[in-house]
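For clarity, every value in this text was computed on a predicted model and none was experimentally measured.
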Amino acid sequence: MKRVFSGIQPSGDLHLGNLLGALVNWSKMQEDNDAVYCVVDLHALTLPQEPDVLRKNTVELAQLLIAVGIDPERSTLFVQSQVPQHPQLAWLMECTVSYGELSRMTAFKDKSNRDTTKFVSAGLFTYPALQAADILLYDTDFVPVGDDQRQHVEITRDIAERFNSRYGETFVVPEHVIPEAGARVMDLQKPDRKMSKSEGESPGTVFVLEDPKKIEKKFKRAVTDSESDVRFDIAEKPGVSNLLSILSACTGEAPEDLASNYEQYGPLKTDTAEAVIELLRPIQARFAELQSDPAETQRLLRVGADKAQVVAGEVLARAKRNIGLLA
Ligand code: AQP
């Protein structure tokens, strides 16, 4: 059986990009694989956090993952900071990746340049090393992620190969799994920018727990262009193509085929909003049930962390032994 690993940050409210780009695949892939899924709270610390908000977001994100379909009985679902092997292996990863490689990460360049007056932590620079540790700790074969994470999975592969060639066969070299539709959901107001949860409340971001009326309004106001023909053309028509991609991810039909059903932007916006609202309806209902019992969620996460440590402990011991650290 193949091993699947992926993680998500409790850095804000879950949005449509997270759902279509990553979580739909998380849910599918747990059927035929040994799946390990993680709320990566240590990654959220790369930006300053309110402690109470972080704690609440961590539990609620786990509840949302369960609501989306992650089954904690079948998959291993846990919180990163409850498995100490993650930061331990991260140091070995930091010493295997170069300053130049980390400097080329677009996520770091984007975030550190977004507002030059803001505090830029060293963690924001080195977190791909922690992410490599997250993935490599589980002898992972496949990493289901959105397109924005392609570069981070690549650097994880480079680190694994370098470590293996320096110290002998230690890590499985993983492959990313990126969905055909929904791999890069763009902001509805700025379709040249990916939808992102650290942006906070914004008219361009559709949240998984958002009220259907608000979702309808956001789609109605989505930025398109001054033409009127509906075509799937990401370079020339990013706004319209984003709507077609979202509708495609919800319906399973190819965006090019969907485009031929429309002559105007209005009906495309209405149908996309409706498809999204229907996709979210059962998730919102299940989340409301789970939210009433956070203690049970925390118990499930503890069980998940204990299960994760069995594999993480073995792989960390192998890495320590091979690099020459005392057992
Ligand atoms: N817009 C997106 N379209 C498709 N997939 C996406 N993902 C994120 N945004 C999109 C995928 O969701 C998973 C979790 O990623 P994350 O926790 O990094 O989510 P985020 O929304 O990207 O969070 P932040 O805090 O805003 O982080 P930055 O701005 O650093 O990305 C991943 O598999 C990701 O690919």
Side-chain angles (χ1 to χ4, degrees), residues 3-41 43-44 57-80 131 134-135 138 140 142-150 152-153 174-187 194-199 205-210 215 242 245-252 272 275-291 297 300-301 304 308:
R3 171 82 44 71
V4 168
F5 174 90
S6 201
I8 182 161
Q9 299 186 60
S11 52
D13 295 332
L14 201 73
H15 58 74
L16 195 59
N18 302 132
L19 182 68
L20 301 180
L23 302 182
V24 167
N25 261 350
W26 286 26
S27 192
K28 272 192 212 145
M29 292 182 83
Q30 69 181 346
E31 304 294 326
D32 305 316
N33 299 283
D34 177 8
V36 181
Y37 296 131
C38 181
V39 176
V40 289
D41 54 349
H43 285 284
N57 281 349
T58 301
V59 176
E60 287 192 354
L61 180 54
Q63 291 172 329
L64 255 173
L65 296 179
I66 298 172
V68 164
I70 306 307
D71 177 355
E73 306 269 327
R74 173 180 289 200
S75 301
T76 303
L77 177 65
F78 69 101
V79 175
Q80 183 188 30
Q131 187 171 350
D134 299 335
I135 297 169
Y138 298 95
T140 302
F142 299 119
V143 191
V145 282
D147 188 61
D148 60 314
Q149 288 296 330
R150 194 184 284 270
H152 288 151
V153 180
E175 282 173 38
H176 60 233
V177 177
I178 295 175
E180 260 178 51
R184 186 172 277 269
V185 176
M186 309 308 276
D187 188 292
K194 73 160 192 149
M195 206 177 265
S196 173
K197 61 179 140 56
S198 49
E199 285 296 296
T205 305
V206 175
F207 296 103
V208 170
L209 293 177
E210 196 150 15
I215 296 180
N242 190 34
S245 295
I246 294 171
L247 187 57
S248 162
C250 295
T251 60
T272 309
V276 168
I277 290 166
E278 285 317 310
L279 180 75
L280 299 183
R281 199 184 298 283
I283 298 173
Q284 295 185 347
R286 177 89 179 100
F287 175 76
E289 285 166 22
L290 292 162
Q291 214 187 8
T297 308
L300 288 169
L301 290 171

Test side-chain contact (heavy atoms from CB on, under 4.5 Å) applied to Asn57 - qualifying residues, sequence neighbours left out:
Pro10, Val53
Can you name the side-chain contact (heavy atoms from CB on, under 4.5 Å) partners of Leu300, sequence neighbours left out?
Ile66, Pro72, Glu296
Which residues satisfy the side-chain hydrogen bond (donor to acceptor under 3.5 Å, both in side chains) test with Ser27, sequence neighbours excluded?
none
Non-hydrogen side-chain atoms of Val185 and Ser245 separated by less than 4.5 Å:
no
What one should report as the nearest heavy-atom pair of Asn25 and Ile178 is ND2-C, 4.4 Å
Working note: Leu19 + Ile283, criterion side-chain contact (heavy atoms from CB on, under 4.5 Å); need CA distance, chi angles, decisive distance, verdict.
CA-CA 11 Å; Leu19 182 68; Ile283 298 173; 4.1 Å; yes
To the nearest 0.5 Å, atom CG of Leu77 lies from atom CG of Leu301 at 5.5 Å
Between Thr140 and Pro174, the two heavy atoms sitting closest are O-CB, 3.4 Å
Do the side chains of Ser6 and Val145 get nearer than 4.5 Å, heavy atoms only?
yes
Minimum-distance pair of heavy atoms, taken over all atoms of Gln63 and Thr297
NE2-OG1, 3.1 Å
List the residues meeting side-chain contact (heavy atoms from CB on, under 4.5 Å) with Ser248, not counting sequence neighbours, and say none if there are none.
Ala181, Pro255, Leu258
Hey, could you give me the CG/CD distance between Leu290 and Glu60, rounded to the nearest 0.5 Å?
11.0 Å
Mind checking the CZ-CG spacing from Phe287 to Leu65? Nearest 0.5 Å is all I need.
10.5 Å
Any donor-acceptor N/O pair, Gln30 side chain to Ser75 backbone, under 3.5 Å:
no
Measure up the Tyr138 and Phe5 rings against each other and bin them: parallel (under 30°), tilted (30 to 60°), perpendicular (over 60°).
parallel
Residues in salt bridge (charged side-chain N to carboxylate O under 4.0 Å, His left out) with Asp41, at least two apart?
none
Considering only residues two or more places apart or on different chains, which pairs with a residue in residues 20-30 satisfy salt bridge (charged side-chain N to carboxylate O under 4.0 Å, His left out)?
none
Return the OG1 to NZ distance between Thr205 and Lys194, rounded to the nearest 0.5 Å.
10.5 Å
So, the side chain of Tyr37 versus the backbone of Trp26: is there a donor-acceptor pair under 3.5 Å, distance only?
yes
How far apart are the closest heavy atoms of Leu247 and Ala275, and which atoms are they?
CD1-CB, 3.8 Å
Intermediate values then yes/no, side-chain contact (heavy atoms from CB on, under 4.5 Å), Leu14 and Ile8
CA-CA 9 Å; Leu14 201 73; Ile8 182 161; 3.4 Å; yes
Here the salt bridge (charged side-chain N to carboxylate O under 4.0 Å, His left out) pairs for residues 65-75, sequence neighbours left out, are Glu31-Arg74
side-chain hydrogen bond (donor to acceptor under 3.5 Å, both in side chains) against Asn18, all qualifying residues, sequence neighbours excluded:
His15
Can you list every side chain to side chain donor-acceptor pair (under 3.5 Å) pair that touches residues 278-289, not counting sequence neighbours?
Glu278-Arg281, Arg286-Glu289
Taking all heavy atoms of Leu61 and all of Gln9, pick out the closest pair and write down the distance.
CD2-O, 3.5 Å
Residues Arg3 and Val36: closest non-hydrogen pair is CD-CG2, 3.6 Å
Would you please name every residue forming a side-chain hydrogen bond (donor to acceptor under 3.5 Å, both in side chains) with Asp13, sequence neighbours left out?
none
Going by side-chain hydrogen bond (donor to acceptor under 3.5 Å, both in side chains), name the residues that satisfy it together with Glu180, two or more places apart in sequence or in a different chain.
none
State, yes or no, whether a side-chain contact exists between Leu16 and Ile215 at a heavy-atom distance under 4.5 Å.
no
Intermediate values then yes/no, side-chain contact (heavy atoms from CB on, under 4.5 Å), His176 and Gln149
CA-CA 9 Å; His176 60 233; Gln149 288 296 330; over 6 Å; no
Rounded to the nearest 0.5 Å, how far apart are NE2 of His43 and CG of Asp134?
4.0 Å
Criterion side-chain contact (heavy atoms from CB on, under 4.5 Å) on Leu23 and Leu64, from CA distance to verdict
CA-CA 10 Å; Leu23 302 182; Leu64 255 173; over 6 Å; no
Any donor-acceptor N/O pair, Asn33 side chain to Val4 backbone, under 3.5 Å:
no
Going by ring pair (Phe, Tyr, Trp, His ring centres under 6.0 Å), name the residues that satisfy it together with His152, two or more places apart in sequence or in a different chain.
Tyr127
